[in-house]
Each structure stands twice: as C-alpha cells, then as structure tokens.
Chemist: 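Pasting a structure here, questions to come.
Just so it is clear, the model here is predicted, and its values are computed rather than measured. Below, read A as the first sequence line, B as the second, and so on, with proteins coming before strands; counting in each chain starts at 1.
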Protein chains: 2
Amino acid sequence: MFAEERKAEILQLMESGKPVKVGDLSQRFEVSESTIRRDLQELENARLIQRTHGGAISVQSSFELSYQEKEIRFYDEKQKIAKAAVDMVKDGETVFLDTGTTTLQIAFALRGKSITVATNSMDIAQVFAEDPQVEVIVLGGSLRKSIRSLVGFLTNEMLAKLHFDKVFLAANAVDSDLGVTTPNLIEAETKRHMVKAGKEVILVVDHSKLWEKAMCQICSLSEINLLLTDDGLDEANVKRLSQYVQVRIAE
Amino acid sequence: MFAEERKAEILQLMESGKPVKVGDLSQRFEVSESTIRRDLQELENARLIQRTHGGAISVQSSFELSYQEKEIRFYDEKQKIAKAAVDMVKDGETVFLDTGTTTLQIAFALRGKSITVATNSMDIAQVFAEDPQVEVIVLGGSLRKSIRSLVGFLTNEMLAKLHFDKVFLAANAVDSDLGVTTPNLIEAETKRHMVKAGKEVILVVDHSKLWEKAMCQICSLSEINLLLTDDGLDEANVKRLSQYVQVRIAE
DNA sequence: TTAATAATGAGCAAAAACAATCAAAGAAAA
DNA sequence: TTTTCTTTGATTGTTTTTGCTCATTATTAA
C-alpha cells in the first residue's frame, strides 16, 4: 500500500465526521504511529482534516473554524495604515468606516476616542460595543453574510441622508485607469454613496491592491482626497500614482 | 473522545443560548471539572462563549443581558414561546424580530426556514449569519450598546418604509391599563414604528412581565393582534387579559 | 453585615501523545 | 551497477492533557 492510498483511505474513514485515533490507524494499516502522524500532518496542511491530540477530526466538526480568526493577509501593513489613519482623526469628528480588514484594524485603533463612528460592517460595530466613548451608528441594509456587511438599496438611502467628516473607504483594487474598483456590483453602488457622503474621502488599501483591477468601478482617483497605503510599494510606482491622487505612505 | 470534540460538542449544546453548568458537563463527558473549566476557558478566549460562575452561556445571549446578570431568566419559558412562534411562520414570509432575549430564542428556532428576517438586533442578525436560507435585513440606527440594539431616528425612518407579514415585538411590561410599556423613551418610539410596520403584530413576553408597568407606553393592547406568552400565569389572570387582547399560551 | 458554602485558579505530577532526529529499507535515477 | 532520494520505524526528549490538592475568590444564607 502506498502512502497516497493510505491517506485517501484515512480521508474516507473520516468522511462521515468520525474521529480517528492514531493508534487505531497504525494497527489498521500495519504501519508505525510515526507514519500515521506524518500522514495526518500532511492532510492537515492540506486543510482536509483537523488534527487533535491522539488523532484527528473532520474540519467541519472542529470548533476552531467557527471562530473567524482567519489570518489577515498583510496584517503588519494594515496595522501601519491603521496607526496613520488614527492620527488623522480628531476628537469630536464623525467618521465613516467601510467594511474591510484594514478598516477593522482602524476601528480597533480608534477605540477610546471621543468620536462618532458610522459603519456598514457588523464586525466594526462590535469593536465599539463596549466602548462608552464612541457613539456608533450602524447603517441598515441587506446582510452580505460572507463579510458581514450591510449593502443595498436601504444602505444607499441612509447614506444619502448622512454626511461625515472623514470616510475611510476600502476597495479591492486601485488603478490609474479604472480608478477604484471592487468585484461586487451591489457593493460598488453602496461604496459610491459612501464617497458622496464624505467631506474627506480616504482610501485605505495595502500595497498589494495597487495597480490592480476589479470588475466594478466605484469612482475615479480624482474623487479620492487621499490614498493611504503602506511602504511596500517601490518609489517609481508611488510617483506614478501621485500624478493622479495624493498619496500618503504609512511607515 | 478528544478534547477538540468535547469543545465542539459543548458549543453545540450551547448553540441555542442554553446555559451549561460545569458539573453537568463534567458528568456528561466523564471528565473532571478541572478539565471542563479549562475547556470553557479556551472557548471563552476564542470569544465563543461567556463564562459564568458555575458554567457558561453563549456570547450572543450574554450580550443581551445586563452587565451583572449573566443568565437568561425564564429560559425554559422563552423556549416554549419560541417554539410556538415558529409554528406561526410560513415559508416565504417576511418577519420582523425586535431586540430581546425571547425574540433571540425565536431567531434560533427560525434558522433553516426560507424566509426574510428583518431586525434591529445585532445579535439576532448574527444568528442568521451562517444560514444560507434566511435573507437578513438589518435596520440601521444608533447602537444601544448594552443590548446591542439599533434604535432612534434612522431606525424609525427605515421602519416607516417597510412592511412585514409578522412583527414579533418584545416589551418589558404589559398591563390592561397602560398597555405595552418599556423603560426607554427612544426605544419606545422605535417600537411604536414596529407596530405600525406589521400586518400582524405578535407580542412575545414571558409571564413575569404580565400585569406590570414600565415608564413609556408603546401602544395599547388593542393594537396588538396576539399576545404570546408561556403557561406560567394562572387562569383567572389569563381570562382577565383576554378581555383586552387575544392571548395564546405556549406549552 | 458575617459566616458558610460553592466555585475557581494555580500548581503539581503522571500518563499519553508528540516532534525531531537518525538510520535502515526500498524505490528511482544516473 | 552505484548513487540518490523517499519512505519508514525506532529512539529520545519535550509537550499536552488530565486529575488532584489547596489557597483564594465569589455567591448564598443567616
């Protein structure tokens, strides 16, 4: 029996959500426990199972997954951006935070300030749920479950009635040609309303999203007051971007 | 049984907001109380549950409760009411769920139905966050942090634009004299809008709130289509109430 | 309030499971 | 064939899990 066969069979055994033990598998396949552990490790690396002490369980029945501590990509970069963003916010201001992982970091950094925060992100609202300083306004709308964001007609209507000192906008891609873009049509429409609702619109994106394109245009770069990003972009590209929009690098 | 399995199962047990006790879990899983405590600690660190003295409660429910009070009062009664409420909801309907511990139980019980749920409770929205069947609409507004409810002008405006097949209303006190009451002025105004937005308005309160009064009137009993409560009230009082509003007892 | 009772957290020790390492066996490539 | 690479099993020291005790803390009753 080859190693691949063995792994395939282990997966089959676990298909119905049954937990398996290292000792049992070792006996069943007549190999050492070391070998089984190596197999399980590989399967876990492939995110096919969840290892436990003594064996493994299927990913679904693992509680780790229900906790959405999914690793944030470019965490350090976003942290830098958040720090720079917070420095721009003064006490007493009204700030809008768009849904996104970067804006979520900004939310954490904003805690304790005497400000009013409006958002369409359930997660960001939660961040302030135990902060007595911050007044929170949540926009209504249809719940986009994957990112726990509120979007759609109702959200747009509410945005049309509000105005903020600063809007921190998130996006999936930024380009001099198409401007600011995102893959979702409905979201794009809602973000367009955010841009309109801000006295000052600050686009916060890590460097991996610069010079990229997504399907739906939100707005052109000229409508953005400031692009706040991290120091992961080379100087030539920063200069190129600066022709279209004011750029600030967070270090 | 692996530790991971145990933790996953504990979570499942608590899924519907049911509180658990250390002693019970210890017996059920045949491990020491120390082990259970360690499990609960981990789950708490992962923000999946909220520990209490002697046990734990799911985070969603715990946020509904005041800082001191960590257990749902009249949990069984609310469970009964929830069951009866769900029987009244048909597929395809649009349902509004007010903020409250009873309505939260209704939310848990409604999962999996093909319906549209609107709510002003962040916690209720969360309940459906991983349910692909249920379409969720969250009302916007100011966040009342203690109960994570959205209230105020913006909420009222949104409610004025919407209409629901069924509105499940929560309240703090019900009385034939003052009708339905609640201690918070702004909340009362928002609840008044809920009453207006429903084709059928169903007041869900456990028996401890009957024949009580709170400061602000929401509406008179005649504006309520049905009062749904548990079987904890004596027959004489049920009859008295029935003079003012249709009463249904959940058993 | 104070006393009593219950639950908790920290520390410890034993058992089980683990990762890391290395050498042997087998397969693949030169 | 010899050499190289992969897979495997055994060994060893480390980590994890668990149950127990005991001092501390929280809750309840008086």
Side-chain angles (χ1 to χ4, degrees), chain A residues 1-14 17-59 61-67 69 130, chain B residues 1-14 17-59 61-76 208:
Chain A
M1 160 162 297
F2 300 114
E4 290 303 318
E5 282 184 75
R6 203 173 47 231
K7 280 185 268 183
E9 208 166 318
I10 291 174
L11 274 184
Q12 234 176 1
L13 278 171
M14 298 179 58
K18 251 189 270 176
V20 293
K21 289 189 202 147
V22 171
D24 293 351
L25 293 175
S26 163
Q27 284 201 338
R28 180 189 175 103
F29 295 113
E30 293 174 324
V31 293
S32 72
E33 299 202 342
S34 291
T35 303
I36 295 296
R37 286 199 190 94
R38 273 183 286 246
D39 289 346
L40 295 181
Q41 178 131 59
E42 284 177 52
L43 292 172
E44 185 181 44
N45 290 342
R47 321 259 149 166
L48 294 168
I49 63 168
Q50 168 77 48
R51 287 186 72 189
T52 64
H53 265 249
I57 56 180
S58 75
V59 258
S61 50
S62 148
F63 82 91
E64 290 287 356
L65 253 148
S66 55
Y67 180 40
E69 176 91 337
E130 289 184 48
Chain B
M1 159 163 292
F2 301 124
E4 294 292 316
E5 285 183 83
R6 202 175 46 232
K7 282 179 264 185
E9 209 166 315
I10 291 173
L11 272 186
Q12 238 177 0
L13 279 171
M14 302 178 57
K18 187 173 183 152
V20 293
K21 289 190 205 141
V22 171
D24 293 349
L25 293 175
S26 164
Q27 282 202 334
R28 179 187 175 105
F29 294 113
E30 293 174 328
V31 294
S32 71
E33 299 201 344
S34 288
T35 303
I36 295 295
R37 285 198 192 95
R38 274 183 284 243
D39 288 347
L40 295 181
Q41 177 126 56
E42 282 178 55
L43 293 171
E44 186 179 44
N45 290 342
R47 312 203 172 235
L48 293 167
I49 65 167
Q50 170 76 50
R51 290 186 69 188
T52 61
H53 247 256
I57 186 175
S58 85
V59 257
S61 324
S62 74
F63 273 110
E64 290 278 329
L65 306 166
S66 66
Y67 185 69
Q68 301 266 331
E69 188 182 1
K70 288 193 170 167
E71 282 170 37
I72 297 182
R73 275 138 52 102
F74 302 107
Y75 177 83
D76 290 338
S208 74

Chemist: By nearest heavy atom, map S34(A) and V22(B) onto DNA chain C; which one lands nearer the 5' end?
Modeler: V22(B)
Chemist: Between K7(A) and E4(A), does any NZ, NE, NH1 or NH2 come within less than 4.0 Å of an OD or OE carboxylate oxygen?
Modeler: yes
Chemist: Mark yes or no for a side-chain to base donor-acceptor pair under 3.5 Å between R37(B) and dG19(D), with no hydrogen or angle criteria applied.
Modeler: no
Chemist: Report the distance from atom CD of E4(B) to atom P of dT16(D), rounded to the nearest whole Å.
Modeler: 13 Å
Chemist: What's the closest nucleotide to the side chain of R6(B) if the choices are dT8(D), dT18(D), dT17(D)?
Modeler: dT18(D)
Chemist: Find the distance L40(B):CG to dA7(C):C1' and express it as a whole number of Å.
Modeler: 12 Å
Chemist: Where each residue is assigned the nucleotide of DNA chain C containing its nearest heavy atom, which of T52(A) and Q41(B) is assigned the position nearer the 5′ end?
Modeler: Q41(B)
Chemist: Are the side chain of S26(B) and the backbone N or O of V31(B) linked by a donor-acceptor pair below 3.5 Å?
Modeler: yes
Chemist: Give me the atom names and distance for the closest heavy-atom approach of I49(B) to L40(B).
Modeler: CD1-O, 3.5 Å
Chemist: Tell me: CD of E33(A) to C1' of dA17(C), nearest whole Å?
Modeler: 8 Å
Chemist: Return the minimal non-hydrogen interatomic distance between H53(A) and F2(B), and the atom names on each side.
Modeler: O-CD2, 3.3 Å
Chemist: Return the value, rounded to whole Å, for the distance between atom CD1 of I36(B) and atom P of dT17(D).
Modeler: 14 Å
Chemist: To the nearest angstrom, how far is D39(A) atom CG from dC18(C) atom P?
Modeler: 13 Å
Chemist: Using only heavy-atom distances, decide whether a donor-acceptor pair under 3.5 angstrom links the side-chain of R38(B) to the base of dG19(D).
Modeler: yes
Chemist: If I take atom CD in residue E44(B) and atom P in nucleotide dT8(C), what distance separates them, rounded to the nearest angstrom?
Modeler: 11 Å
Chemist: Closest to the R51(A) side chain: dC18(C), dG9(C), dG9(D)?
Modeler: dC18(C)
Chemist: Could you check whether T35(B) gets within reach of a base, just the sugar-phosphate, or nothing at all, counting any heavy atom under 4.0 Å?
Modeler: sugar-phosphate
Chemist: Could you check how far NZ of K21(B) sits from P of dA6(C), rounded to whole Å?
Modeler: 14 Å
Chemist: Check every strand shown and say whether G55(A) touches a base, only sugar-phosphate, or nothing at a heavy-atom separation below 4.0 Å.
Modeler: sugar-phosphate
Chemist: Any ion pair linking R37(B) and E33(B) (charged N to carboxylate O, less than 4.0 Å)?
Modeler: yes
Chemist: Distance check needed: dG19(D) C1' versus E30(B) CD, whole Å only.
Modeler: 15 Å
